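None of these values were measured; they are calculated from a predicted model.
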Amino acid sequence: MLGVKSASISGDTGVLHVLETESDLDWILSSGPHPPYMVIMETAFFNRSVMMRMKNSSRVAGVAVIVSKTGLADNFSPHTTCPNQNTGVYSASYGSDLANCNVTMWNPLGNGLSYEDFAFPVFALKDENQTQVIRKCYQDHNLRVNGSAPQYPLCAMQLFSHMHAATDTVTCMRRTDLQNRFSINPEVLCDPLSDFNVWTSTRPLNNSAKGHAANESVVIAATRLDGRSFFWEQAPSAEGTVSGIVTLLATIQALSPVTQEAPPPRNIFFSFFQGEAFDYIGSSKMVYDMERNDFVIDLNNVHSMLEIGQVGLRRGRSLWMHSDPVSRQNKSVDTEVSEEERKLSLFSHALSLDQPSVSQPLPPSSFQRFLRVRGIPGLVLADHNTSFNNRYYESLYDDAENLNVTYPPDLSPDEQLVYETDAAKSLAEVATLVARSLYIQAGGEKKNLNNITADPKIWFLHQHVSDCVRLLWFLGSGPPQFYIGLGPRIHGPVHSVTRFVQYILANLTGTVTNLTESQCQNPSEVNTENKDLFSYFWVSGPASVNNTGEPFCRSASVRLSKAVSPAFELLEYGSPNYSIIPQSRWKSIRARIFPMLTLGVGVAVLLLSLLVTYFISSKAELLFSSARETPATTY
């Protein structure tokens, strides 16, 4: 079990204390006379050393972290130093000398906090008004004067975060299964993390035909769709996830017109994998389905693969091509990988493209899940040679500021949409490189390459504002969050980011039809349409028929496929081969502050309440009896 939770179903209560100095920490953990304490800490103190001291103390009832950039450390990554090390390709039977990051420590700044089990709740405070109320309560009642202890009444805080999950995945899922089978009103304890992968292809694939696709050779271009942090649904994942999503979307935008006019011999298959931060959930599921002939293609259809990793923090102009040294021991695989590297290098004029100088494993990547089954030629493109450039990997501080996305202060929001930031230009360069190399890898003709260029502007916002205004409601207020969640139970039928990418892809690759709304929702009733090859979307925007602005139907070969760990389908809850991380259920997550009185006052209030109760009970007949009605009473 990992994460944070209330020790009791009624929540955890403690005397409020703001942690601002080392002396405050000593007061909380040893000398303070009013334990347990509810600790309010500044960002500077939210680190492994402080949190582990609190974990090992019985004097801490809970923690609330004030989220701000003030006092932010130069680095903070609550993930491990070797992400997803147990579910990648490297093991005792495959590249044993490369397993467990023995050669390259990808995330040396990782402190592993996300994998600790805290017996008390840990909340994030992002609302400045709420923070000020808490501070005022602390300063009015709990502030030490000349080092002396504060007097009652004290300001106390109660955090509610009771989790239903029990001990470990095997136990929790077994108890949940028993509830589902034998209880009329089952009390579910935990659920598998789940959502959907998003995929499309330059040539439509028959979604109703499963298994090997005849006469299809596919080049896969992939990236991840999710991220995580220590706090639930506080995962902006700018460098860790968004840089890859934006780059692949820009790649598809650059390729789409050319592949329609001059389609290459091989099909290019674009995939956005969901749940990769939790032991490769999405890619594991897709590979599993391919093995069982339950997907539109199988592994025999895969020619090669190119994955876009973290590409937003390039040092200078450097970009690195990572490959698997174990599979390259096969001559045919090595030849194909070398050819893929050569094709990428052909278009790196604006970039410095290189390979690691020493034999090292692949960085954490979805490609590893394919290699577990077959030696597929492939590369992972990243902005780092060895360890990550990302100082805030899988933390709530991996945001736009971490990617250096800045605008001149005098720009309006509308002007920001068309302003070309340095980050956008950088990702567009990478997208152009990827798009051209994919086209050549798929067998396209070199004469068409000059027509393949990614737009550095966030083109789908400033050219299709109406479309996106109607899409952005999926994301809610604030920046989008990339935590996978529980699919239907948390996010509705599909995660908001998943749906957003799906609609953007439909807008990029689809075509406008003249179907009515009812026909769009039931295209199988129209002889000219093919629901097996295309999905249909009823949308609004400037691309409507005759530019009327009215809602219209768009068809596109964009699909969703289930992203859930095969371990939960196989009922192998202790599987060493797949992700086995579920999420606990809970009743509510909330907090409150209130004055805490002395024990004497509490006893006095109790005695007084008992006395009042006795008095009311003894006089109940007099107090609550109604006057006797006379026979003359009428209604």
(message) Using 0.5 Å steps for rounding, measure from the CG atom of Asp383 to the CG atom of Asn389.
(response) 4.5 Å
(message) Surrounding CD of Glu445 (heavy atoms of other residues, nucleotides or ligands, distance under 6.0 Å), is the total greater than 12?
(response) no
(message) Show every salt bridge (Lys or Arg N to Asp or Glu O under 4.0 Å) that has at least one partner inside residues 269-285, sequence neighbours left out.
(response) Lys285-Asp289, Lys285-Glu569
(request) Not counting sequence neighbours, list each pair that qualifies as a salt bridge (Lys or Arg N to Asp or Glu O under 4.0 Å) and has a residue in residues 293-305. (result) Arg292-Asp294
(request) Could I get the full list of side chain to side chain donor-acceptor pair (under 3.5 Å) partners for Thr200, not counting sequence neighbours? (result) Ser557
(message) Suppose we call two aromatic rings close when their centres sit under 6.0 Å apart. Are Phe367 and His322 close by that rule?
(response) no
(message) Tell me every residue that passes side chain to side chain donor-acceptor pair (under 3.5 Å) with Lys425, counting only those two or more places apart in sequence or in another chain.
(response) none
(message) Run the side-chain contact (heavy atoms from CB on, under 4.5 Å) test against Leu346 and tell me which residues pass, sequence neighbours left out.
(response) Arg342
(request) Please collect all salt bridge (Lys or Arg N to Asp or Glu O under 4.0 Å) contacts where either partner lies in residues 250-260, sequence neighbours excluded, each pair once. (result) none
(message) Measuring from atom CG of Leu109 to atom OG1 of Thr81, what distance do you get when rounded to the nearest 0.5 angstrom?
(response) 10.0 Å
(request) Measure centre to centre between the rings of Trp199 and Phe269, then say whether the value is under 6.0 Å. (result) yes
(request) Enter the distance from Glu340:CD to Glu336:CD here, rounded to the nearest 0.5 Å. (result) 7.0 Å
(request) Provide the full list of salt bridge (Lys or Arg N to Asp or Glu O under 4.0 Å) pairs with a residue in residues 206-223, sequence neighbours left out, each pair given once. (result) Arg203-Glu216
(request) State whether a side-chain donor-acceptor pair under 3.5 Å links Glu394 with Ser229. (result) no
(request) May I ask you to check whether Arg374 and Asn300 show a side-chain donor-acceptor distance below 3.5 Å? (result) yes
(request) Check whether the side chains of Asn390 and Gln310 place a donor and an acceptor atom closer than 3.5 Å, and report yes or no. (result) yes
(message) Once side-chain contact (heavy atoms from CB on, under 4.5 Å) is applied, do any residues pair with Asn577, and if so which ones, sequence neighbours excluded?
(response) Arg372, Ser575
(request) Using salt bridge (charged side-chain N to carboxylate O under 4.0 Å, His left out) as the criterion, list what pairs up with Asp532, not counting sequence neighbours. (result) none
(message) Applying salt bridge (charged side-chain N to carboxylate O under 4.0 Å, His left out), can you list everything that pairs with Glu341, at least two apart in sequence or on another chain?
(response) Arg328
(message) So Pro236 and Phe482, do their side chains get closer than 4.5 Å, heavy atoms only?
(response) no
(message) Would you call the rings of Phe278 and Tyr483 parallel, tilted or perpendicular, taking 30° and 60° as the class edges?
(response) perpendicular
(message) Just to verify, what does Ser352 make a side-chain contact (heavy atoms from CB on, under 4.5 Å) with, not counting sequence neighbours?
(response) Arg317, Ser318
(request) Just jot down the side-chain contact (heavy atoms from CB on, under 4.5 Å) partners of Gln519, sequence neighbours excluded, or say none. (result) Leu515, Thr516, Val526
